[in-house]
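Working notes, structure below.
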Amino acid sequence: MHGPPLVGWLLVVLCTATGAYGLVSTRAGAAGERRAAGGDALMGLGMAAMAVPAAVLHTRPWGYALFAVVFGAAGLHTLIRARREPEAHHLHHAVGAFAMVYMALAMAGTPAATAARASAGAAHAGHAAAAHEPAGTPLLTGLLLVYFAVYVVRGAAQMVPVPAGAPSEAGGPGRAPGGRELTHACRLSMGIGMLAMLLTM
């Protein structure tokens, strides 16, 4: 990821934690919940890998293409599943996967990425010249920013404590009390992470 290294490392920690929680969640709950947790784990750990600062991790020429293939396949799989099981989180996972494909392809085409694969001297000059040049298509980046901003705002509103006596959906079959809230918080964190990655792309 391009941008301030501190932001990149914070995203790595955040996304790794959410991905790890997704992996743990695949061992409990109903079949649908386990599949959703697996999608969360893939997205979180993939975001953590992409968020590593570009100055630290030298991405090979095939690195961004590999990210695009993996998340493209995950997005198609999620869309196919959404046709059989029409649930909101399936479509959200698909949008997130294709957003990752877009970011991978956009970063692969930046002059900074091209320079990083050249000699050390040329890479330094190319990176300095393109340090503030945004990657990707502004319109598509803007649409994704709007989508994830709305997702984060709505998700944060849903986490407002329920008044005493009001019906609550906390817990759920196979989950400990508070498990659903923690899952929701992890998805909200990934939405914030996606916003940060789009802004620093």
Side-chain angles (χ1 to χ4, degrees), residues 1 3 7 10-26 28-30 32-48 50-51 71 74-103 106 136-201:
M1 191 187 84
V7 174
L10 288 174
L11 284 174
V12 169
V13 173
L14 176 67
C15 296
T16 300
T18 56
Y21 177 75
L23 285 177
V24 173
S25 298
T26 58
E33 292 177 334
R34 293 197 301 269
R35 287 194 295 268
D40 291 340
L42 174 64
M43 187 64 62
L45 296 177
M47 289 175 63
M50 282 191 66
F71 282 101
L76 289 175
H77 177 70
T78 304
L79 284 178
I80 293 172
R81 186 189 303 167
R83 295 187 62 182
R84 300 194 303 264
E85 306 170 9
E87 297 181 13
H89 71 268
H90 288 324
L91 293 177
H92 175 69
H93 279 167
V95 173
F98 290 124
M100 295 288 283
V101 172
Y102 166 68
M103 287 191 288
T137 305
L139 177 59
L140 185 52
T141 302
L143 289 175
L144 289 172
L145 283 170
V146 170
Y147 171 82
F148 284 105
V150 171
Y151 177 82
V152 168
V153 171
R154 290 185 60 187
Q158 292 173 4
M159 293 190 69
V160 174
V162 179
S168 173
E169 296 182 355
R175 292 293 184 92
R180 181 165 299 183
E181 287 81 358
L182 186 54
T183 298
H184 189 74
C186 287
R187 291 174 179 170
L188 183 62
S189 299
M190 286 193 289
I192 295 173
M194 194 70 75
L195 276 174
M197 293 177 72
L198 286 166
L199 288 170
T200 57
M201 193 172 63

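Numbers for residues simply follow the sequence, beginning at 1.
Atoms CZ and CD, on Arg154 and Gln158 in that order, are 6.0 Å from each other to the nearest 0.5 Å. From Leu42, atom CG reaches atom NE2 of His77 across 10.0 Å, with rounding to the nearest 0.5 Å. Within the model, atoms OG1 of Thr141 and CG of Leu198 stand 6.5 Å from one another, a figure rounded to the nearest 0.5 Å. Atom CG of residue Leu11 and atom CE of residue Met194 lie 10.5 Å apart, to the nearest 0.5 angstrom. We find the OG1-CG distance between Thr200 and Leu195 to be 10.5 Å, quoted to the nearest 0.5 Å. Taking SG of Cys15 as the reference point, atom CE of Met190 lies at 8.0 Å (rounded to 0.5 Å).
For the pair Thr26 (side chain) and Leu23 (backbone), a donor-acceptor distance under 3.5 Å is present. His93 places no side-chain N or O within 3.5 Å of a backbone atom of Thr78 that could act as its donor or acceptor partner.
Within the 4.5 Å cutoff, no side-chain heavy atoms of Leu143 are placed close to those of Phe148. Under the 4.5 Å side-chain criterion, counting only non-hydrogen atoms from C-beta, Arg187 is not in contact with Met43. Residues Met103 and Met100 form a side-chain contact, since some pair of their non-hydrogen atoms from C-beta on lies under 4.5 Å apart. By the 4.5 Å heavy-atom criterion applied to side chains, Leu188 and Val152 are counted as neighbours.
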(request) Take Asp40 and Thr18 through the test side chain to side chain contact (heavy atoms under 4.5 Å, CB included) and record every step on the way to the result. (result) CA-CA 8 Å; Asp40 291 340; Thr18 56; over 6 Å; no
(request) Would you sort out whether Phe98 and Leu79 count as a side chain to side chain contact (heavy atoms under 4.5 Å, CB included), showing the intermediate values? (result) CA-CA 11 Å; Phe98 290 124; Leu79 284 178; 3.6 Å; yes
(message) Quick one, Thr183 with Tyr21, criterion side chain to side chain contact (heavy atoms under 4.5 Å, CB included). Give me CA distance, side-chain angles, the key distance, then yes/no.
(response) CA-CA 8 Å; Thr183 298; Tyr21 177 75; 3.5 Å; yes
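By the side-chain contact (heavy atoms from CB on, under 4.5 Å) test, Leu10 is found to be paired with Leu6, residues two or more places apart in sequence or in another chain being considered. Residues forming a ring pair (Phe, Tyr, Trp, His ring centres under 6.0 Å) with Tyr147 (at least two apart in sequence, or on another chain): His92. Listed by chain and residue number, Ile80, Arg81 satisfy the side-chain contact (heavy atoms from CB on, under 4.5 Å) test with Arg84 (two or more places apart in sequence, or in another chain).
Considering every non-hydrogen atom in both Thr16 and Ala48, the closest pair reads OG1-CB, 3.3 Å. Contact between Ser25 and Ala37 at its shortest, heavy atoms only, is CB-CB, 3.6 Å. Of all non-hydrogen atoms in Ala74 and Ala97, the two that sit nearest each other are C-CB, 4.4 Å.
In this model, no donor atom of one side chain and acceptor atom of the other lie less than 3.5 Å apart for Tyr102 and Thr137.
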